[in-house]
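A quick write-up on the structure given underneath.
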There are 2 protein chains.
Amino acid sequence: MKKTESFLTAPPQRAKYEALAGILKALAHPTRLFMVDQLARGGPRCVCELTEMVGADISTVSRHLALLKKEGLVAATKKGTMIYYQLRLPCVVNFLECLHSVLSSNIQDRLKLLS
Amino acid sequence: MKKTESFLTAPPQRAKYEALAGILKALAHPTRLFMVDQLARGGPRCVCELTEMVGADISTVSRHLALLKKEGLVAATKKGTMIYYQLRLPCVVNFLECLHSVLSSNIQDRLKLLS
DNA sequence: GACTTTTTTGGCTATTTGGCTAAATTTGCA
DNA sequence: TGCAAATTTAGCCAAATAGCCAAAAAAGTC
């Protein structure tokens, strides 16, 4: 008798969700999310500009950007010794809006609990 | 002389991105993403049903659900000894679609590199 | 080639996360 | 009350993540 197929034992389906989760993981960090948001609003920025905006060590910022790039969220372009990063897919912006709506809905619900 | 304000030194802005990243973090795990997707497609499910679908230990599934709930992505309803979880905000579905588009765009780009 | 600027990488430590087992809760029912 | 089923919580360990400093690469200029 065959045991019931589950998410964890179905490799192709599982691989799909692992890939999707990988993309989300790249976004799921305050600094990276901030940078993505900046790129969405202000267009391409070089590492040094982003470093200035973030206020962390440049090596840290570089690592964050490498991860975003690895997951296909940003693309890099060389200009002299500088490297400009830009957002790769526009839908990420709506994404952020939905996120905002989750957040404000959470806050509203918590407000309701008080009254 | 005032030093330039940065993301990391501007508490209110930073707190906002930390909150948003928290929501993303809750989604950024294969099992949790799978469960959210199941809830989006098939409506409310109890912990035991989700446990069956996922194929992990029920305590693990319970923890995942607790995190999703904490971040406001799902809501729980008691029915007898069972607890049904449901998706709280519809926009998360579009969210998943965008994610898919990032993924397929990544794959297409990798294909192009071969030709 | 030597020197400068920008970015990435290696190495290390501290923290967080994810999973399991086992124990505790909660709810329903005899 | 006492037992069974569903769910959550606690405790523990292994693996992944994030940060910094220092060193290496990459590109431009003299």
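Order of the sequence lines fixes the chain letters, A, B, ..., with proteins taken first and strands second; residue numbering starts at 1 for each chain.
Heavy-atom nearest nucleotides on DNA chain D were determined for B:Val47 and for A:Ala28, and the one closer to the 5' end corresponds to B:Val47.
Side-chain atoms of B:Ser59 come within donor-acceptor range of the base of C:dT21, with a qualifying N/O pair under 3.5 Å.
Counting any heavy atom pair closer than 4.0 Å across all strands shown, A:Tyr84 reaches no nucleic acid atom. Contact annotation for A:Thr31: no contact, since no heavy-atom pair falls under 4.0 Å across all strands. Across all strands shown, B:Lys25 has heavy atoms under 4.0 Å from sugar-phosphate atoms exclusively, and none from any base.
Taking 4.0 Å as the cut-off between side-chain N and carboxylate O, B:Arg32 and B:Asp37 do not count as a salt-bridged pair.
Regarding A:Ile58, its CD1 atom lies at a distance of 17 Å from the P atom of D:dA23, rounded to whole Å. Look at CD1 on A:Ile83: it is 12 Å from C1' on C:dT5, rounded to the nearest Å. If you measure from atom CG of A:Asp57 to atom P of D:dG19, you get 10 Å, rounded to the nearest angstrom. Rounded to a whole Å, the CZ atom of A:Arg63 is 9 Å from the C1' atom of D:dG19. Atoms CZ (A:Phe34) and C1' (D:dA18) sit 18 Å apart, rounded to a whole Å. The distance from atom CG of B:Leu67 to atom C1' of C:dG18 is 11 Å, rounded to the nearest whole Å. Between the NZ atom of A:Lys79 and the P atom of D:dG28 there is a distance of 13 Å, rounded to whole Å.
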Under the side chain to side chain donor-acceptor pair (under 3.5 Å) rule, what do B:Ser6 and B:Thr9 come out as? Steps first, then yes or no, please. CA-CA 5 Å; B:Ser6 76; B:Thr9 59; 3.3 Å; yes
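Taking the six-membered ring where the residue is Trp, A:His64 and A:His29 present tilted rings, their angle falling between 30° and 60°.
Taking NE2 from B:His100 and OG from B:Ser104, the interatomic distance works out to 7.5 Å, rounded to the nearest 0.5 Å.
Of the candidates C:dT27, C:dT9, D:dT8, C:dT27 carries the atom nearest the B:Lys78 side chain, counting heavy atoms from C-beta on.
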